[in-house]
Engineer: 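Pasting in a structure now, in structure tokens, and then I'll have a few things to ask.
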Amino acid sequence: MSTKNRTVALELGTSNSDIYTVPNNYETQVKSIFISNLTGNQVTFSLDWYDSSTTTYYTITEATKLLPNAIIQITESLWLEEADKIRGLASATSSVSISINVEEAYIPRQI
């Protein structure tokens with residue numbers, strides 16, 4: 001099984017946006033998530049995890065307050081399967097940046 005490390009980032013808007021989706025033929029370990037407030041005002045953010053096998057969204061955090069110019073790091077791992085994703089939104093456009101570091105493991109399809 002081959003693996004690769006990736007970091008993806010997105011500036012959140014006020015509507016849910018996909019931040020990271022597990023590629024086809026991969027499983028992923030989310031190693032860390034950094035959430036940054038880009039403004040001098042308090043804002044909130046929300047994150048969900050989408051389980052593609054059950055087509056269900058699960059809340060990671062909902063309307064969490066982020067102090068002005070603050071950063072939060074989440075280091076507990078999540079294990080995601082093919083087509084699972086993480087999405088998020090913020091209380092104000094261009095106020096929250098999110099970076100996700102993952103380790104992707106290639107899983108060849110059996111015929």
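The figures here come from the full heavy-atom set of this structure, side chains too, leaving out hydrogens, waters and symmetry mates.
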Engineer: Report yes if the side chains of Ile86 and Leu80 come closer than 4.5 Å at any heavy-atom pair, otherwise no.
Structural biologist: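 Ile86 reaches Leu80 side chain to side chain.
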
Engineer: About how many Å separate CD1 of Ile74 and OG of Ser32, when rounded to the nearest 0.5 Å?
Structural biologist: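 Those atoms lie 9.5 Å apart.
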
Engineer: Would you check if there is a donor-acceptor pair between the side chains of Thr55 and Tyr50 at a distance under 3.5 Å?
Structural biologist: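 Their side chains do not contain a donor-acceptor pair, so the 3.5 Å distance test is not met.
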
Engineer: Show the nearest heavy-atom pair for residues Gln42 and Pro68, with the distance to one decimal.
Structural biologist: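 Of all heavy-atom pairs spanning Gln42 and Pro68, the closest is N-CG, 3.8 Å.
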
Engineer: What residues form a side chain to side chain donor-acceptor pair (under 3.5 Å) with Thr59, not counting sequence neighbours?
Structural biologist: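 Testing Thr59 for side chain to side chain donor-acceptor pair (under 3.5 Å), a comparison that skips the adjacent residues, returns none.
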
Engineer: Less than 4.5 Å apart, any side-chain heavy atom of Ser99 and any of Ile33?
Structural biologist: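 Side chain of Ser99 against side chain of Ile33, heavy atoms only: no contact under 4.5 Å found.
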
Engineer: What's the spacing between Ile19 CD1 and Asn16 CG if we round to 0.5 Å?
Structural biologist: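 The distance works out to 8.5 Å.
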
Engineer: Would you say the side chain of Ile98 lies within less than 4.5 Å of the side chain of Leu47, judging by non-hydrogen atoms?
Structural biologist: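 Yes, side chains in contact.
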
Engineer: Which heavy atom in Leu67 sits nearest to a heavy atom in Asn37, and how many Å separate them?
Structural biologist: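 Closest approach of Leu67 to Asn37: O-ND2, 2.9 Å.
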
Engineer: Could you check whether Gln29 and Ser77, counting side-chain N and O atoms only, form a donor-acceptor pair closer than 3.5 Å?
Structural biologist: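 A donor-acceptor contact under 3.5 Å links the two side chains.
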
Engineer: In terms of side-chain heavy atoms, does Asp84 have a donor or acceptor partner in Ser52 at a distance below 3.5 Å?
Structural biologist: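 A pair is found: one side chain offers a donor N or O, the other an acceptor, under 3.5 Å apart.
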
Engineer: At their closest point, which heavy atom of Thr44 faces which heavy atom of Val96, and how far apart are they?
Structural biologist: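 For Thr44 and Val96, the tightest heavy-atom pair comes out as O-CG2, 4.4 Å.
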
Engineer: Look up atom CG in Leu12 and atom OG in Ser95, then write down how far apart they are to the nearest 0.5 Å.
Structural biologist: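 So the gap between those two atoms works out to 7.5 Å.
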
Engineer: Tell me whether the count of non-hydrogen atoms from other residues, nucleotides or ligands lying under 6.0 Å of CD in Gln73 goes above 12.
Structural biologist: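 Yes - once you tally the heavy atoms of other residues, nucleotides and ligands closer than 6.0 Å, there are more than 12.
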
Engineer: What's the spacing between Leu66 CG and Ser36 OG if we round to 0.5 Å?
Structural biologist: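 Atom-to-atom, Leu66:CG and Ser36:OG are 7.5 Å apart.
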
Engineer: Charged N to carboxylate O under 4.0 angstrom, Arg87 versus Asp48?
Structural biologist: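 Salt bridge: yes.
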
Engineer: Counting distance only, does the side-chain N/O of Thr56 pair as donor-acceptor with the main-chain N or O of Thr54 below 3.5 Å?
Structural biologist: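 Between the backbone of Thr54 and the side chain of Thr56 there is a qualifying donor-acceptor contact (under 3.5 Å).
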
Engineer: Looking at Lys85 and Tyr57, what are the two nearest heavy atoms and their distance?
Structural biologist: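 Between these two residues, the closest heavy atoms are CE-OH, 3.6 Å.
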
Engineer: What's the spacing between Thr61 OG1 and Trp49 CH2 if we round to 0.5 Å?
Structural biologist: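 The CH2 atom of Trp49 is 16.0 Å from OG1 of Thr61, to the nearest 0.5 Å.
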
Engineer: Looking only at side chains, do Asn101 and Thr7 share a donor and an acceptor under 3.5 Å apart?
Structural biologist: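 Yes, side-chain donor-acceptor contact under 3.5 Å.
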
Engineer: By the rule that ILVMFWY residues connect when side-chain heavy atoms come within less than 4.5 angstrom, directly or transitively, which residues belong alongside Phe34?
Structural biologist: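 Ile71, listed by chain and number.
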
Engineer: Thinking salt bridges, do Glu103 and Lys4 make one under a 4.0 Å N-O criterion?
Structural biologist: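 Result for this pair is no, no salt bridge flagged.
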
Engineer: If you take all heavy atoms of Tyr26 and Glu104, which pair is closest and at what distance?
Structural biologist: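 Heavy atoms of Tyr26 and Glu104 come nearest at CD2-CB, 3.6 Å.
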
Engineer: Does any part of the side chain of Ser15, heavy atoms only, come nearer than 4.5 Å to the side chain of Leu89, both counted from C-beta?
Structural biologist: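 Not touching, per the 4.5 Å side-chain cut-off.
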
Engineer: Working to the nearest 0.5 angstrom, can you tell me the gap between Thr3 OG1 and Tyr106 OH?
Structural biologist: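 Those atoms lie 14.0 Å apart.
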
Engineer: Any non-hydrogen side-chain atom of Ile100 less than 4.5 Å from a side-chain atom of Arg6?
Structural biologist: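 Contact flag for Ile100/Arg6 side chains = no.
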
